[in-house]
Student: 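Submitted below is the structure of interest, expressed as structure tokens.
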2 protein chains.
Amino acid sequence: MLTTFRQLDDSDATPKYMQVERMLREALATDALRPQDALPAERDLAEELGVSRITIRKAIGTLVDEGLLHRRHGAGTFVTGSAQRIEKSSSKISSFSEDMAARGLRSHSEWISRSSGSVTPEESINMGLSPGAPVFRFNRIRYADELPMALEYSTIDANCLRSLDAVESSLYKALAETGNRPTRALQRLRAIAFDEGRAELLKMPLGSPGLLIERRGFLKNGRLVELTTSYYRGDAYDFVAELSD
Amino acid sequence: MLTTFRQLDDSDATPKYMQVERMLREALATDALRPQDALPAERDLAEELGVSRITIRKAIGTLVDEGLLHRRHGAGTFVTGSAQRIEKSSSKISSFSEDMAARGLRSHSEWISRSSGSVTPEESINMGLSPGAPVFRFNRIRYADELPMALEYSTIDANCLRSLDAVESSLYKALAETGNRPTRALQRLRAIAFDEGRAELLKMPLGSPGLLIERRGFLKNGRLVELTTSYYRGDAYDFVAELSD
DNA sequence: GAGTGGTCTAGACCACTCG
DNA sequence: GAGTGGTCTAGACCACTCG
């Protein structure tokens, strides 16, 4: 197997290891590298691309972590076959708008309130922010195809958004614009009965079942940017999760 | 914050970065490093332990990947607070017994029924089994610390278990004995209101909220072995999911 | 400006695999 | 024995954070 890679772009500000990583991903995507194929040796790749071996190792390491490649000590680095690939939790992080779009529904929101303030002591602990740190709060009713689907109460680290008005329809879009879209999230789900206030907002009977979802959204560096509590109609929404060992 | 670490053991054949990693884990476990604490700078740690900075970075990198630490460019490396920590285990496939054990609860079951039969037409489609294929059905009330927690209705491909009696308390244990423990599962969650029959079995008021969980468990080769529908008490059970992009 | 993590180099030696 | 990945060093320069 002989693959030739083009040279790195010196004018590109992207770190070299990411450029190498992208190059390898493309080779995998275009089948220039096929399952079971051996990659060129790290030293050879390093020489060919004019970077150090450590840079090559860092790029390969990411793909190994993702299960796309695997290394065998003394033997080489190989492309993982699709059959042997371990699918990482395919539970993708997505916003309400994206979630509804994936279900083929059109979404819009109605604002309950939108305000700036500072963290409560409880939030301060939960979000790892200093006491008094500025936050934005976004409270709205979320609709899917004209049906009131959920109530959503979000608290966002104010440093992660340009302004209070930056959020039009999609919070995640606004966070992405400043490079602060969460890449990981922890969600806690529980079944609850709607109290009078929430039942009314969602036009549901008092006491009917709903799904309470608490979400904590984190940046790549581990910092918490989002703390959202949502109440979904039990009759119209279900949540899918993939588990693996 | 001042933490002193003992020197590395030169006679230890374990790679240095793993020794450093273990050292940091111990500091975290014994609260020598507490949430929000800053670690010593990488250069300082390297000097203190007599290793290169790259070795320190590799050790820290592992813990960052696990979410135990997080780095802030230009600021330092910090201990992640437990509230902001993402539990890896959350997307792990586990049985009811294991799930309860992880929450520090003791579990047992009460059988509603246990029978062998053949697939219904609906199951046949869902499980990819030929019409009339043999299955076992296990229906039980699941208790956590004497509290009725859930109703569980499982249908299992009969070829995957030694016998109907092979299942004592843990279904997954019995499946593991024949090498047929699912490695992947797809779960669907929804909020429901308990009907009279289920409310009575769980000693809950009629109409109180519950979590309906439908689980499909797959072997590594993609074959479906388990089809389980569970009803969890809404007031006592929550489900945690980890999402990523 | 001082300190921090992020990237990168050009080497080195080791343990392992393969024919 | 030749080739491979695994570990490790002692530097270097950069971008970022903080007071």
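All chains are named by letter (A, B, ...) in the order of the sequence lines, taking the proteins before the strands, and each is independently numbered beginning at 1. From a predicted model like this one, the values you see are computed outputs, not experimental measurements. Quick note: numbers below take in every heavy atom, side chains included, and nothing from hydrogens, waters or symmetry partners.
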Student: For C/dC16, what is the paired nucleotide under Watson-Crick or G-U wobble rules, both distances under 3.5 Å?
Tutor: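 Paired with C/dC16, as far as the under-3.5 Å criterion goes, is D/dG3.
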Student: Grab the CE-C1' distance between B/Met18 and C/dC14 for me, whole Å please.
Tutor: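 About 14 Å, once rounded to whole Å.
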Student: Thinking salt bridges, do B/Arg103 and B/Glu98 make one under a 4.0 Å N-O criterion?
Tutor: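 Salt bridge flag = no for B/Glu98 with B/Arg103.
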Student: Please tell me if B/Arg53 has a side-chain N or O lying less than 4.0 Å from either OP1 or OP2 of D/dA10.
Tutor: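 False: B/Arg53 side-chain N/O out of range (4.0 Å or more) of D/dA10 OP1/OP2.
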Student: Provide, to the nearest angstrom, the distance between the NZ atom belonging to B/Lys58 and the P atom belonging to D/dC8.
Tutor: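 The answer, rounded to whole Å, is 7 Å.
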Student: Tell me whether the OP1 or OP2 atom of D/dT9 has a side-chain N or O from B/Thr55 closer than 4.0 Å.
Tutor: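 It does, given that an N or O in the side chain of B/Thr55 lies less than 4.0 Å from OP1 or OP2 of D/dT9.
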Student: Round to the nearest Å and state the distance from A/Leu39 atom CG to D/dG3 atom P.
Tutor: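 It is 18 Å, rounded to the nearest whole Å.
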Student: Could you check which of D/dG6, C/dT9, C/dG6 has an atom nearest any side-chain atom of A/Val51?
Tutor: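 Nearest nucleotide to the side chain: C/dT9.
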Student: Scan every strand shown for a Watson-Crick or G-U wobble partner of C/dG11, both distances under 3.5 Å, and answer none if you come up empty.
Tutor: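 D/dC8 - that is the nucleotide pairing with C/dG11, both distances being under 3.5 Å.
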Student: Could you please name the option among C/dG5, D/dT9, C/dC18 that lies closest to any side-chain atom of A/Arg72?
Tutor: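 The answer is C/dC18, which lies nearest to the side chain.
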Student: Under 3.5 Å, is there a donor-acceptor pair between the side chain of A/Glu214 and the main chain of A/Gln187?
Tutor: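 Between the backbone of A/Gln187 and the side chain of A/Glu214 there is no qualifying donor-acceptor contact (under 3.5 Å).
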Student: Judged by each residue's nearest nucleotide on DNA chain C, which is more toward the 5′ side, B/Ile60 or A/Lys16?
Tutor: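 Looking at DNA chain C, the more 5' nearest nucleotide goes with B/Ile60.
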Student: I need the CG-C1' distance between A/Asn159 and D/dC16, as an integer number of Å.
Tutor: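 It works out to 15 Å between those atoms.
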Student: Please work out whether the ring planes of A/Phe138 and A/Trp111 are parallel, tilted or perpendicular, with thresholds of 30° and 60°.
Tutor: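 Tilted, since the angle between the ring planes falls between 30° and 60°.
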Student: Ignoring hydrogens and geometry beyond distance, is a side-chain donor-acceptor pair present between A/Arg198 and A/Tyr231 at under 3.5 Å?
Tutor: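 Yes, A/Tyr231 and A/Arg198 have a side-chain donor paired with an acceptor closer than 3.5 Å.
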Student: Using whole Å, what does the distance between atom P of nucleotide C/dA15 and atom CD of A/Glu42 come to?
Tutor: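 A/Glu42 atom CD is separated from C/dA15 atom P by 18 Å.
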Student: What's the closest nucleotide to the side chain of A/Arg57 if the choices are D/dT4, D/dT7, D/dC8?
Tutor: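 The answer is D/dT7, which lies nearest to the side chain.
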Student: For C/dG5 and B/Thr77 - does any side-chain N or O of the residue sit under 4.0 Å from the phosphate oxygens OP1/OP2?
Tutor: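 Checking B/Thr77 against C/dG5: at least one side-chain N or O falls below 4.0 Å of OP1 or OP2.
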Student: How about CD on B/Glu47, more than 12 heavy atoms from neighbouring residues, nucleotides or ligands closer than 6.0 Å, or not?
Tutor: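 Result for CD/B/Glu47: open.
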Student: Around atom CZ of A/Arg106, are there more than 12 heavy atoms of other residues, nucleotides or ligands at under 6.0 Å?
Tutor: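 It does not: A/Arg106 CZ has 12 such atoms or fewer within range.
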Student: For the pair made of CD in A/Glu21 and P in C/dC8, what is the distance, rounded to whole Å?
Tutor: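 After rounding, the reported distance stands at 12 Å.
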Student: Nearest to the A/Ile54 side chain among D/dC18, C/dG5, D/dT9, which nucleotide is it?
Tutor: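 Output: D/dT9.
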Student: From the set C/dC8, C/dC13, C/dA15, return the single nucleotide nearest to any side-chain atom of A/Arg43.
Tutor: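 Out of C/dC8, C/dC13, C/dA15, the nucleotide with an atom closest to A/Arg43's side chain is C/dC13.
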Student: In whole Å, what is the span from the NE2 atom of B/His70 to the P atom of C/dT4?
Tutor: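 B/His70 atom NE2 is separated from C/dT4 atom P by 16 Å.
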Student: Out of D/dT4, C/dC8, D/dC18, which nucleotide sits closest to the side chain of A/Asp44?
Tutor: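 For the A/Asp44 side chain, the nearest candidate turns out to be D/dT4.
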Student: Find the distance B/Tyr17:OH to D/dG6:C1' and express it as a whole number of Å.
Tutor: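 It is 7 Å, rounded to the nearest whole Å.
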Student: So, B/His73 and D/dA15: ring centres less than 5.5 Å apart, planes less than 30° off, yes or no?
Tutor: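 By the stated criterion, B/His73 and D/dA15 stack.
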Student: Using heavy-atom distances to pick each residue's nearest nucleotide on DNA chain D, tell me which of A/Arg71 and B/Gly50 is more 5'.
Tutor: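 That would be A/Arg71.
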